[in-house]
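Written below as structure tokens is the structure these notes are about.
Lettering of chains follows the sequences in order, A, B, ..., and the numbering in each one begins at 1.
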Amino acid sequence: MRRESGPWLPWVLLGVALLFLALIEAGVFSPLESLLGYIISPVERGISTIIERLGGLGQTTREVRQLQQQVEELQQVNATLIQENFRLREFKAENEELRRKLNFVQDNPTYSYVGADVVEYGCGIFSCATVVGKDTNPYLQYIIINAGSRDGVAVGMPVVTSGAAMVGRIARVSRNLAYVQLINNPQSQVAAMLQESRVSGVLIGTPEGGLSMIDILPDEKVEGGETVMTSAVGGLLPRGLILGQVESVTYLESDLFQRAVVRPAIDFRRLETVLVITDFPRVNLEEIEQGP
Amino acid sequence: MSLYFGIPILLLAAVLQSVWLENIQVLGGRPDLVLLLAVTWGIIRGANEGAVWGFVGGIFCDLLSGGEFGMWTFALTAVGFLAGQTWVHALGPTLIRLALMSALGTLIGHGILLGTMAVLGYSVNVGQSVQKVAGPAALLNFLLSPFAFTFLVWFHRRSQPRWGGAGL
């Protein structure tokens with residue numbers, strides 16, 4: 001005879017689902033989640049590969065392949081030029097800032113000075129990964145990449161794409177996969193600065209999937225078109241990763257700060273491969289506090 | 001037991017949702033495959049099995065989400081359970097109530113998801129979410145429900161014991 005489950009079953013399952021949420025909030029669910037992720041990741045990678053290959057089947061003619069190759073080469077050249085252009089502009093801005101400082105030194109010859117950066121940064125150790133999936137929750141902006149804890153990826157690491165544009169930060173890691181919280185996620189907050197005017201603020205994601213730079217002091221002059229980049233304040237991110245470009249600035253007298261609408265530097269829907277910065281030189285605050 | 005084939009179907013649906021459907025925009029939105037399967041199975045096999053499919057499908061969706069684990073599980077268990085309620089039978093013949101419940105279930109599921117997110121501290125824009133995500137998803141699930149039904153009825157007939165089981 002067929003055994004029917006009792007009417008209590010759905011309520012038990014709902015209770016278990018709520019328990020999951022409570023355990024996650026308490027931070028004691030991670031081992032089980034990792035185990036489940038270990039099971040699901042090969043399936044996701046396999047299906048992702050099949051879909052990628054199926055998608056390429058229609059483009060088999062020689063011409064299409066040549067065109068595709070040319071486009072890829074041009075995209076690569078474009079990305080390199082953007083990066084070079086960005087670096088030159090960064091050098092220009094830094095040069096201007098140093099000149100201003102030098103002028104200040106010359107104007108105040110009786111002062112003593114020690115030069116210092118806010119946060120040191122340099123070449124990172126990169127881990128390359130492919131985007132294999134997107135968040136099943138349509139209200140959250142995450143991507144899933146095929147690099148996990150076995151590749152040295154850990155929570156909080158910054159993720160970038162070509163042209164030093166920041167994609168987001170690692171929010172969760174399983175053995176084979178990592179979940180990247182995109183910078184346009186409403187929960188995301190990145191310490192940012194404007195490249196030309198050196199104005200600082202915080203870049204946040206909006207519920208609509210856009211970007212806004214907040215906490216800009218009301219007396220700062222912000223121009224449309226300025227490049228927004230990471231400022232490295234806090235030491236969690238390297239300085240100089242491109243975030244976007246200022247579109248417009250709003251300031252209401254009732255507000256304490258100005259707010260800028262920022263156009264993202266990348267199209268988050270077209271991400272294919274990314275780089276995870278697994279390490280970069282950071283300032284040791286203890287050493288600074290202790291002195292030489 | 002329906003879960004013998006339910007687990008691989010739901011796993012496949014969740015993975016397809018993540019790697020394929022997220023890139024497809026139809027009518028400004030995308031269908032919710034796992035939600036549609038849980039609702040359809042709830043209508044075919046009743047509240048208990050609907051809840052079980054919602055629970056299992058929800059776990060897979062949560063594994064493929066950067067959000068808190070349990071948000072999808074809670075929402076889909078509730079929707080699968082609701083779809084199998086006896087009052088749903090009053091909505092009309094099987095295909096009509098399936099289509100209506102797919103749309104209604106999608107809206108309820110997204111409502112629960114958004115509510116859970118709000119409780120967990122996420123900023124939620126209800127109007128825009130309904131207009132841009134939940135509304136199109138409900139419409140697409142409404143249109144896709146006959147296909148999901150045909151597919152799952154085939155499995156239902158093979159998994160149902162010959163001497164009994166829930167009727168359509």
Side-chain angles (χ1 to χ4, degrees), chain A residues 1-2 4-7 9-14 16-25 29-30 32-33 36-37 39-41 43-48 50-52 132-144 171-172 174 177 179-182 185-187 205-208 269-270, chain B residues 11-12 14-23 29-30 32 34 47-52 54-55 58-78 80-81 84 110 113-114 116-117 119-125 128-129 132-134 137 161 163-165:
Chain A
M1 190 168 167
R2 190 178 176 204
E4 290 287 338
S5 36
L9 182 66
W11 301 107
V12 170
L13 295 177
L14 283 169
V16 172
L18 285 175
L19 189 68
F20 285 162
L21 285 167
L23 290 175
I24 280 284
E25 285 295 293
F29 192 68
S30 299
L32 182 59
E33 200 183 353
L36 291 168
I39 297 164
I40 207 166
S41 65
V43 180
E44 174 152 45
R45 288 173 80 166
I47 290 177
S48 172
I50 293 166
I51 286 171
E52 264 174 39
V132 291
K134 288 178 183 158
D135 203 305
T136 50
N137 186 334
Y139 305 104
L140 298 176
Q141 279 78 35
Y142 284 88
I143 54 167
I144 304 165
R172 216 172 84 195
S174 67
L177 299 175
Y179 302 78
V180 182
Q181 184 188 57
L182 299 178
N185 187 302
Q187 301 294 102
T206 64
E208 300 79 36
R269 293 167 304 172
R270 296 185 201 286
Chain B
L11 176 61
L12 188 69
V15 173
L16 282 175
Q17 185 84 47
S18 170
V19 302
W20 184 48
L21 284 176
E22 293 297 331
N23 298 317
R30 53 162 187 76
D32 278 311
V34 181
N48 278 10
E49 291 221 14
V52 171
F55 183 79
I59 286 178
F60 291 141
C61 284
D62 275 326
L63 283 172
L64 296 171
S65 171
E68 272 81 355
F69 195 96
M71 287 201 290
W72 267 125
T73 310
F74 183 64
L76 294 187
T77 307
F81 175 56
H110 279 252
L113 196 62
L114 287 168
T116 314
M117 284 170 65
V119 169
L120 293 173
Y122 288 85
S123 59
V124 172
N125 185 334
Q128 202 150 33
S129 300
K132 290 192 172 173
V133 183
W163 55 82

Next item on the list: Against chain B, label Gln181(A) side chain, backbone, both or neither, depending on which of its atoms sit under 4.5 Å from a heavy atom there.
Entry: neither
Item checked: Ala134(B), part contacting chain A, at a heavy-atom distance under 4.5 Å -> both
Next item on the list: For the pair Tyr179(A) (side chain) and Leu63(B) (backbone), establish whether a donor and an acceptor sit closer than 3.5 Å, ignoring hydrogens and angles.
Entry: yes
Note to self: Is any side-chain heavy atom of Tyr139(A) closer than 4.5 Å to one of Val124(B)?
What the structure shows: no
Notebook entry, point to check: At a heavy-atom separation under 4.5 Å, does Met117(B) approach chain A through its side chain, its backbone, both, or neither?
Noted result: side chain
Notebook entry, point to check: Side chain of Arg172(A), backbone of Glu68(B): donor and acceptor closer than 3.5 Å?
Noted result: no
Checklist line | Non-hydrogen atoms of Thr136(A) and Ser65(B) that approach each other most closely | finding: OG1-CB, 3.6 Å
Check: So do Ile59(B) and Phe20(A) actually touch side chain to side chain, heavy atoms under 4.5 Å?
Finding: yes
Margin query: What I'd like to find out is whether the side chain of Pro10(A) reaches to under 4.5 Å of the side chain of Asn48(B), using heavy atoms alone.
Written below: yes
Check: Would you say the side chain of Pro138(A) lies within less than 4.5 Å of the side chain of Lys132(B), judging by non-hydrogen atoms?
Finding: no
Notebook entry, point to check: Run the side chain to side chain contact (heavy atoms under 4.5 Å, CB included) check on Phe69(B) and Leu21(A) step by step: do they pass?
Noted result: CA-CA 6 Å; Phe69(B) 195 96; Leu21(A) 285 167; over 6 Å; no
Checklist line | Atom group of Tyr122(B) that falls short of 4.5 Å from chain A, counting heavy atoms | finding: both
